[in-house]
Amino acid sequence: MPTSSASATDAAKTAPSGGVQSLERAFDLLERMADAGGEVGLSELSASSGLPLPTIHRLMRTLVDCGYVRQQPNRRYALGPRLIRLGESASRLLGTWARPYLARLVEETGETANMALLDGDEIVYVAQVPSKHSMRMFTEVGRRVLPHSTGVGKALLAHTPPDEVRALLARTGMPAATEKTITTPEGFLDALEEVRRAGYAVDDNEQEIGVRCLAVSVPNSPTAAAVSISGPAGRVTDAATERIVPILQEVAQDLSAALANPSAQG
């Protein structure tokens, strides 16, 4: 049987941006599923996307067949396991793309520069460029820590609704890494308020005694990301903080612009 000309035309239909409309719609549905927590019903997707149910059903069946979506016993749809490999690879590339910006941070601040993501309830470090000082901080790429004891954790959670922050802290607990670690939800929420007020986050000996970190989030990042510098408390003083924070904020803005323009990645 020859392929229906109507179907072929529909499959090849281009979107206003010049892309293939069905592809753009499929990725939009995946992002809507992620925003909804990873599991949705077709009627929810139709309401949020404005697409008719038959169109959504056709796209979802294709995504299910490819393994990017799975249908649950309750007939709702959930993000599928094949996305995990794509996400892990993209996270590694994100760290690679960030390295020139981290190198610039090291050059301008003299301290070790890091990039970290919020992955579920944990912070994961995806890139680092070490300081040139003989006494420097080192965090292994791939290391996972809890957000309550880190500057990057505070930066990443600063604009998260308080009830969601409390739920995360209830799931992870708030173990003390040092005697200066914040160990109460109220104390952590107060710290997040200070981040919003100041525009940057501080880890003041909270993860490791003798180490201070300064961090800012990367605005409009495709996934929640933050950049930071870390160094000995004797070097990352209040006076140094006044000099370093504007550099951090500028680099975060430049990295954000680069991530928003894929062609700039060369």
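Hydrogens, waters and symmetry mates play no part in the numbers below; they use all other heavy atoms, side chains included.
In this structure the side chain of Trp97 reaches within 4.5 angstrom of the side chain of Leu259, judged on heavy atoms. Side-chain contact between Glu179 and Ile209 is present, with heavy atoms from C-beta onward closer than 4.5 Å. Side-chain atoms of Met60 and Leu63, non-hydrogen and from C-beta on, do get closer than 4.5 Å to each other. At a threshold of 4.5 Å between non-hydrogen side-chain atoms, the residues His57 and Tyr77 count as touching. Residues Glu39 and Gln72 are in side-chain contact: their nearest non-hydrogen atoms beyond the backbone lie under 4.5 Å apart. At a threshold of 4.5 Å between non-hydrogen side-chain atoms, the residues Lys132 and Val106 count as touching. At a threshold of 4.5 Å between non-hydrogen side-chain atoms, the residues Thr62 and Asp65 do not count as touching. Side-chain contact between His159 and Ser217 is absent, with no heavy-atom pair separated by less than 4.5 Å.
For Arg32, the side chain to side chain donor-acceptor pair (under 3.5 Å) partners at least two apart in sequence or on another chain are Asp28. Residues that satisfy the side chain to side chain contact (heavy atoms under 4.5 Å, CB included) test with Ala225, not counting sequence neighbours, are Met115, Leu117, Val218, Ser221.
Using a distance-only test at 3.5 Å, with no hydrogens or angles considered, a donor-acceptor pair links the side chain of His148 to the main chain of Pro175. For Arg212 (side chain) and Val236 (main-chain N/O), a donor-acceptor pair under 3.5 Å exists by modelled atom type. The backbone N or O of Cys213 lies less than 3.5 Å from no partner atom in the side chain of Ser228, so there is not a single donor-acceptor pair. Between the side chain of Thr181 and the backbone N or O of Thr183, no donor-acceptor pair lies under 3.5 Å. In this structure a side-chain-to-backbone donor-acceptor pair under 3.5 Å is present from Arg99 to Gln128. Judged by distance alone, with hydrogens and angles left aside, the side-chain atoms of Thr55 form no donor-acceptor pair with the main-chain N or O of Leu51 at under 3.5 Å. Not one N or O on the side chain of Arg166 forms a donor-acceptor pair closer than 3.5 Å with the backbone of Pro185.
What you find for Glu111 and Gly231 is that their closest heavy atoms are OE1-CA, 3.6 Å. Nearest heavy atom pair, residue Ala155 against residue Ala226, reads CB-CB, 4.3 Å.
Separation of atoms CG (Asp190) and CD1 (Ile182) is listed at 8.5 Å; rounding is to 0.5 Å. Note that the CZ atom of Arg25 and the CG atom of Leu30 stand 14.5 Å from one another [nearest 0.5 Å]. The CD atom of Glu24 sits 12.0 Å away from atom CG of Leu29, with the distance rounded to the nearest 0.5 Å. Here OG1 of Thr223 is found 8.0 Å from CG of Asp119. Values are rounded to the nearest 0.5 Å. Atoms CD and CG, from Glu186 and Leu169 in turn, are 9.5 Å apart once rounded to the nearest 0.5 Å. Note that the CG atom of Leu105 and the CD1 atom of Ile229 stand 8.5 Å from one another [nearest 0.5 Å].
No path of Ile, Leu, Val, Met, Phe, Trp and Tyr side chains, each step under 4.5 Å between heavy atoms, connects Leu248 with Tyr125, placing them in separate hydrophobic clusters. Clustering ILVMFWY residues whenever any of their side-chain heavy atoms sit less than 4.5 angstrom apart, transitively, puts Met174 in the very cluster that holds Leu156. Taking hydrophobic clusters as Ile, Leu, Val, Met, Phe, Trp and Tyr residues chained together by side-chain heavy-atom distances below 4.5 Å, Val69 shares a cluster with Leu53. The cluster map of Ile, Leu, Val, Met, Phe, Trp and Tyr, joined by side-chain heavy atoms under 4.5 Å apart, puts Leu157 and Val124 in different clusters. In terms of hydrophobic clustering, with Ile, Leu, Val, Met, Phe, Trp and Tyr side chains grouped at heavy-atom distances under 4.5 Å, Val152 and Ile247 are assigned to different clusters.
Counted within 6.0 Å of CG on Asn220, heavy atoms from surrounding residues, nucleotides or ligands total 12 or fewer; the atom is thus considered open. Enclosure of atom CD in Glu107 is not indicated, since only 12 or fewer non-hydrogen atoms of other residues, nucleotides or ligands lie within 6.0 angstrom.
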Would you list the atom pairs, donor with acceptor, under 3.5 Å between side chains in residues 237-246 and any protein atom, with sequence neighbours excluded?
unit_1	atom_1	unit_2	atom_2	d
Thr237	OG1	Ala240	N	3.2
Thr241	OG1	Thr237	O	2.8
Arg243	NH1	Glu108	O	3.2

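Applying the side-chain hydrogen bond (donor to acceptor under 3.5 Å, both in side chains) test to pairs two or more places apart or on separate chains, those with a residue in residues 248-260 are Arg104-Glu250, Arg104-Asp254. Residue pairs satisfying the salt bridge (Lys or Arg N to Asp or Glu O under 4.0 Å) criterion with at least one member in residues 146-165, sequence neighbours excluded, are listed as follows: Lys154-Glu206. Each salt bridge (Lys or Arg N to Asp or Glu O under 4.0 Å) pair with one or both residues in residues 121-130, not counting sequence neighbours, appears once here: Asp121-Arg171, Glu122-Arg144.
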Dump the intermediate steps for side-chain hydrogen bond (donor to acceptor under 3.5 Å, both in side chains) on Thr178 and Asn205, then the final yes or no. CA-CA 7 Å; Thr178 75; Asn205 294 270; over 6 Å; no
List the steps and the verdict of side chain to side chain contact (heavy atoms under 4.5 Å, CB included) for Val216 and Val227. CA-CA 6 Å; Val216 299; Val227 291; 3.8 Å; yes
Kindly indicate, with the supporting measurements, whether the criterion side-chain hydrogen bond (donor to acceptor under 3.5 Å, both in side chains) is fulfilled by Ser149 and Gln207. CA-CA 5 Å; Ser149 61; Gln207 179 67 30; 2.5 Å; yes
Show your working on side chain to side chain contact (heavy atoms under 4.5 Å, CB included) between Tyr200 and Val202 and close with a plain yes or no. CA-CA 7 Å; Tyr200 66 96; Val202 181; 3.5 Å; yes
Evaluate the side chain to side chain contact (heavy atoms under 4.5 Å, CB included) criterion for residues Val129 and Tyr101: first the C-alpha distance (whole Å), next the side-chain angles of each, then the deciding distance (0.1 Å), finally the verdict. CA-CA 9 Å; Val129 175; Tyr101 298 88; over 6 Å; no
Between Val165 and Leu192, does a side chain to side chain contact (heavy atoms under 4.5 Å, CB included) hold up when you go through it step by step? CA-CA 10 Å; Val165 174; Leu192 297 187; 4.0 Å; yes
